[in-house]
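Single-structure report; data block below.
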There are 2 protein chains.
Amino acid sequence: MPNIPTAPVRLKDIAKDLNVSVMTVSKVVRNCADVGAETRSRVLARIKELNYQPNWVARSLAARRTFMIGVIVPDLMHSFFAEIAKGIGTSIRPLGYDVVICNSEEDSVLEASEIDRLLGRQVDGLILASAQSPSAADVFDRIEARGVPYVLIDRRFPERQASYVGADDEAIGKLATDHLIERGCRRIAHIAGPQPNPGSGRLKGYRAALAAAGIPVNESYILPATDDASGYEATRRLLSLEPRPDAIFGYNDPTAAGAMKAILEAGIRIPEEIKVIGAGNVHYSDLLRVPLSTVDQASTRIGQQAAEILVKAIGAKRKKPVTTLWIEPTLVARESTR
Amino acid sequence: MPNIPTAPVRLKDIAKDLNVSVMTVSKVVRNCADVGAETRSRVLARIKELNYQPNWVARSLAARRTFMIGVIVPDLMHSFFAEIAKGIGTSIRPLGYDVVICNSEEDSVLEASEIDRLLGRQVDGLILASAQSPSAADVFDRIEARGVPYVLIDRRFPERQASYVGADDEAIGKLATDHLIERGCRRIAHIAGPQPNPGSGRLKGYRAALAAAGIPVNESYILPATDDASGYEATRRLLSLEPRPDAIFGYNDPTAAGAMKAILEAGIRIPEEIKVIGAGNVHYSDLLRVPLSTVDQASTRIGQQAAEILVKAIGAKRKKPVTTLWIEPTLVARESTR
DNA sequence: CGCTCTGGCGCAACCGCTTACATCATCGAC
DNA sequence: GTCGATGATGTAAGCGGTTGCGCCAGAGCG
């Protein structure tokens, strides 16, 4: 039997049924104190009975708050961002917010227009993994002009006074490299990520770790990754070096996986002859031929923290506190560095 | 200089500036015909000048349309769903809709509450990869009672009269198995997915392909996967069978990747001694030690199609057309079945 | 010249809810 | 017995738009 659509129940309907004013019902719904116990329970009963659900559009308009936040990521397909999105969702939904997610496709023009849309929707706050070049960032001015709080994740703009949550790239680089050193490696190569983020921080950590261990940096051991697939190519070049590296630190897991592929293909054993480590702890890391050691950057927590900071900023009266948070990475040692 | 928040421009402001009525401005914004050319351009100019952005909350309330759609997926971390979400977004945004994504965490109670929230937000439509058991599905009744169109993806409920877009699991099973047969395999094992979706369809396709080729089905070659990591375990058991399978079809890529891991670990060569194929075409398939052949299920297109169908249903006057669409899979042959 | 017709514009009434404040018993206190 | 202080309820005025229709000028027509 095809249900025939029914107009949703409104406050007004309940009020009329019970011979009270709309206000009284509204107060009950919002749990206001000043309503009599008996009236309240009558209203509550009717609400349950009719399965009343507040109309959030109307509520938002009147209260000037939508309880929606906007999130912009460059690409949901990157498990890093998917994980962040998930973290944001699970931590902010219990607080009563809904999340509108937009893909910017790594395109700053598209991103700007998405931000404007979200602003038009009156979101209470924004979380951005921005593709903006800091210079062309008058979008940020528009956000600030509205007084809408926002927090940046992953991509940082130090020159802008905004909250930020991200992985501590330098710590990641250091952790990975320290681990390799501890495992006895001395000729440690690095396939570096895009500049400035997250490449430079990880590279810096890599250098720092080597320096701390008194190992001289061999510049020819440092190669740039052009994209996620380029770990393979880079590694083939590394393998032909003399002396050959005894470890490779890929700036992310796909790169490291590509490295492993090249190594195994060359008939070299992992971890006996070359150890490999990545970063990101993507979920397929241990599905690989040799389970990949990695540095977990706690993407879920990045999302959660960002959400938390944002909610706090939304609650703040006038001045928006700016918080900068580096999430500490943790080592996940698997077979590839045994 | 910290921007001091400014109240956003409203229709009223523009109207007052130009000494016209709010109505006129509203009409210009919405491109209504009955506005004089000169007035229109004056208004337009001022709109640009003040960078007016319509308040969608107010607009939604008055027009009784939000131009928002809700999407519920069991887990954004599964690249399959992330891809679908992306497909939905990129195809529906140009039509003026925004997307609210919710994770149900594969929990039907949570899902139901998310749906209610979205309904409360007055979404114009819903796309669901539902975790509901069809029996307990009074949520669907609530959706229908509201007259909100929805389309199901991935998980189907044949007993419910609703639009559906999904991969053609049987075709996937057939395609994969046919490919293995064509490559000369005769002892083809299958690691089957969860019942009923997507496991049973793929299994059915597998059986059909074997039957068509006149190859008898060896029931001991069919093992169930308990989770994504279980391809490894299952394969170890398969390898001890006599005669040993000469091919393995994993119901999805992670399973197939686990299978490859077990095979290589046993010192058996891929594809020379055993060929392997998966399904899903996850992005890391060719990062594996041996690039994995797979069946692409066009997740992006699933999302796009679902969006398209939904928008059509939203536009439909009274009766909501129900469309069922099976997306045809395509073969992606890589090294593992060479 | 009076008529209808049409293009251009505005009035009024909401959409469903909230904010701020007014009203009105009831009650203990002096 | 009168008074402020409660506590419980209702009133009015929006929030920023949209829908539907009414109004008025001028044009076209007989």
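Numbers restart at 1 for each chain; the letters A, B, ... are given by sequence-line order, proteins then strands.
A donor and an acceptor atom never sit less than 3.5 Å apart when one is taken from the side chain of A:N55 and the other from the base of C:dC17. Between the side chain of B:K27 and the base of C:dG10, at least one donor-acceptor pair of N or O atoms lies under 3.5 Å.
Taking the nucleotide of DNA chain D with the nearest heavy atom to each of A:L61 and A:D34, the more 5' of the two is matched to A:D34. Comparing B:A62 and A:V22 by the nucleotide of DNA chain C that holds the closest heavy atom to each, the one mapping nearer the 5' end is B:A62.
Side-chain atoms of B:K12 lie closest to D:dC15 of the nucleotides C:dA12, D:dT9, D:dC15. Candidate nucleotides D:dT9, D:dG20, C:dG16 were compared by shortest atom distance to the side chain of B:R64, and C:dG16 ranks first. When each of D:dT19, D:dG17, C:dT18 is scored by its nearest atom to the side-chain atoms of B:Y52, the top-ranked nucleotide is D:dG17.
Atom CD of A:Q122 and atom P of D:dG17 are 8 Å apart (whole Å). To the nearest angstrom, C1' of D:dG16 lies 13 Å from NZ of B:K16. Per the geometry, CE belonging to B:M23 stands 11 Å off C1' belonging to C:dA12, to the nearest Å. One atom, CG of B:N31, and another, P of D:dT18, lie 12 Å apart when rounded to the nearest Å. Remark: C1' of D:dG16 and CZ of A:R121 are 15 Å apart, rounded to the nearest angstrom. If you measure from atom CZ of A:F67 to atom P of D:dC15, you get 20 Å, rounded to the nearest angstrom. Nucleotide D:dG10 holds its P atom 11 Å from the CG atom of A:L18, rounded to whole Å.
Within the structure, a side-chain polar atom (N or O) of A:R10 is placed less than 4.0 Å from OP1 or OP2 of C:dG16. Side-chain nitrogen and oxygen atoms of A:R65 include none within less than 4.0 Å of the OP1 or OP2 phosphate oxygen of C:dT18. When the side-chain nitrogen and oxygen atoms of B:T24 are compared with OP1 and OP2 of C:dG10, one or more of them lie within a distance under 4.0 Å. At the phosphate of C:dC11, neither OP1 nor OP2 sits under 4.0 Å from any side-chain N or O atom of B:S21. Dashed line: the shortest gap from a side-chain N or O of A:R59 to OP1 or OP2 of C:dG16 is not under 4.0 Å. A close approach under 4.0 Å does not occur between any side-chain nitrogen or oxygen of A:S26 and OP1 or OP2 of C:dC17. In terms of phosphate contacts, B:R30 brings a side-chain nitrogen or oxygen within less than 4.0 Å of OP1 or OP2 of D:dT18.
Contacts of B:V20 with the nucleic acid, taken as non-hydrogen atoms under 4.0 Å apart, involve only primed sugar atoms and P, OP1 or OP2. A:S60 comes within 4.0 angstrom of nothing in the nucleic acid, heavy atoms only.
The structure places CD1 of A:I92 at 11.5 Å from CD of A:Q304, a figure rounded to the nearest 0.5 Å. Distance CE/A:M68 to OG/A:S60: 7.0 Å, rounded to 0.5 Å.
A salt bridge links A:D13 with A:R10: the closest approach of a Lys/Arg side-chain nitrogen to an acidic carboxylate oxygen falls below 4.0 angstrom. Under 4.0 Å is where a charged nitrogen must lie from a carboxylate oxygen, and between A:E49 and A:R46 at least one such pair does. Using a cutoff of 4.0 Å between basic side-chain nitrogens and carboxylate oxygens, B:D141 and B:R160 are scored as salt-bridged.
By the 30° and 60° cut-offs, the orientation of the rings of A:W56 relative to A:F67 is perpendicular.
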